[in-house]
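What follows is a short report on a single structure.
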Amino acid sequence: MPEAPRAAVTVPYVRTRKRRDGATALVMVTAYDTPTARIVDAAGVDIILVGDSVADNVLGHDDTLQVTMADMVHHTAAVARARPRALVVGDLPWLSYHLDVSETVRNGAALVRAGASAVKLEGGRARLPMVEALLGAEIPVMGHLGLTPQSVHAMGGYRVQGRADAEAASLLDDASALAGAGCFAIVVEGVPASLGAAVAERVDVPVIGIGAGPGCDGQVLVFHDLVGLNERSPRFARRYAELAEVIGAAVGAYAEDVRSGRFPAEGESYH
Ligand code: KIV
């Protein structure tokens with residue numbers, strides 16, 4: 001018997017997924033193109049994040065600050081063409097939501113028109129006017145706190161955040177403010193595990209961790225780290241495959257076959 005199609009993951013469904021209420025952990029992964037979105041959707045993830053991490057994982061930039069709205073629209077549309085059952089969240093890139101609220105809403109709408117059901121932005125209380133404006137335009141918002149890569153220069157590098165008590169307290173207040181404003185979920189990145197768990201305890205919306213310990217309501221990883229396409233992965237990431245090696249071996253075998261005349265064979269030729 002063919003399997004019944006799985007229901008589409010929606011924003012209201014994600015909002016209810018607190019582990020303390022008995023929910024299983026949410027699974028989020030990045031994807032930046034159609035075939036990858038198809039693969040991760042078929043694997044059953046809940047949320048596909050079209051992250052601005054496309055910058056360093058796909059486009060060869062050193063940081064996410066180089067990514068533009070045009071890049072994010074392009075990659076969000078590619079992911080949406082896979083018609084995933086998973087919720088598609090589009091990342092608002094640096095400077096697309098920092099200048100004024102109208103521009104923020106226009107940029108959020110561009111990601112929705114490209115196929116995202118929600119947008120993600122980095123930062124806490126300073127972003128509340130932008131979060132409220134997006135929500136006012138019916139665009140669901142996912143927050144992102146802690147080690148926020150768009151703040152790399154302000155942070156002085158990619159450093160674990162919230163180690164000091166005052167920093168941790170401020171992050172907890174940011175999380176309360178984002179949840180209070182109506183964010184349906186919050187990513188917390190690069191913080192001590194105890195703080196990840198404390199944020200999940202503090203707010204009523206799911207907290208999705210990356211390098212934030214096991215006490216969150218879900219986890220997110222960058223696809224290229226998870227499958228071993230990057231040379232090195234951060235300490236918090238687990239490599240479930242070594243695809244760079246697999247791909248390298250496949251292409252090497254192809255090159256050998258071409259050079260030795262073994263490819264194409266009779267069955268791979270038209271007559
Ligand atoms: O862009 C991204 O991949 C992200 C995740 C690290 C959460 O924001």
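When a ligand or atom number is given, it counts from 1 through the structure's own listing order.
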For this session: Treat each ILVMFWY residue as a node, draw an edge where side-chain heavy atoms are under 4.5 Å apart, and state whether Leu229 and Ile39 are in one component.
Result: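 No; tracing contacts between hydrophobic side chains, which count when under 4.5 Å, never links both residues.
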
Exercise. So, do His224 and Val58 sit near enough that their side-chain heavy atoms are less than 4.5 Å apart?
Worked result: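 Yes - at least one pair of side-chain heavy atoms lies under 4.5 Å apart.
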
Exercise. What about His74 and Tyr32, are their ring centers closer than 6.0 Å?
Worked result: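 No.
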
Problem set entry | Neighbouring residues of ligand 1, heavy-atom cut-off under 4.0 Å |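 The answer is Thr30, Leu49, Gly51, Asp52, Ser53, Asp91, Lys120, His144, Val187, Glu189, Ile210, Val222, counting any residue whose heavy atom sits under 4.0 Å from ligand 1.
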
For this session: Run through Thr30, Asn230, Thr64, Asp225 and flag the one making a side-chain hydrogen bond (donor to acceptor under 3.5 Å, both in side chains) with Asn57.
Result: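 Output: one option passes, namely Asn230.
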
For this session: Could you grab the distance from atom CE of Met142 to atom CG of Leu178, nearest 0.5 Å is fine?
Result: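 Going from CE on Met142 over to CG on Leu178, the span is 12.0 Å.
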
Problem set entry | Rounded distance (nearest 0.5 Å) linking atom CD of Glu189 with atom CD1 of Ile208 |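 Spacing of CD (Glu189) from CD1 (Ile208) equals 12.5 Å.
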
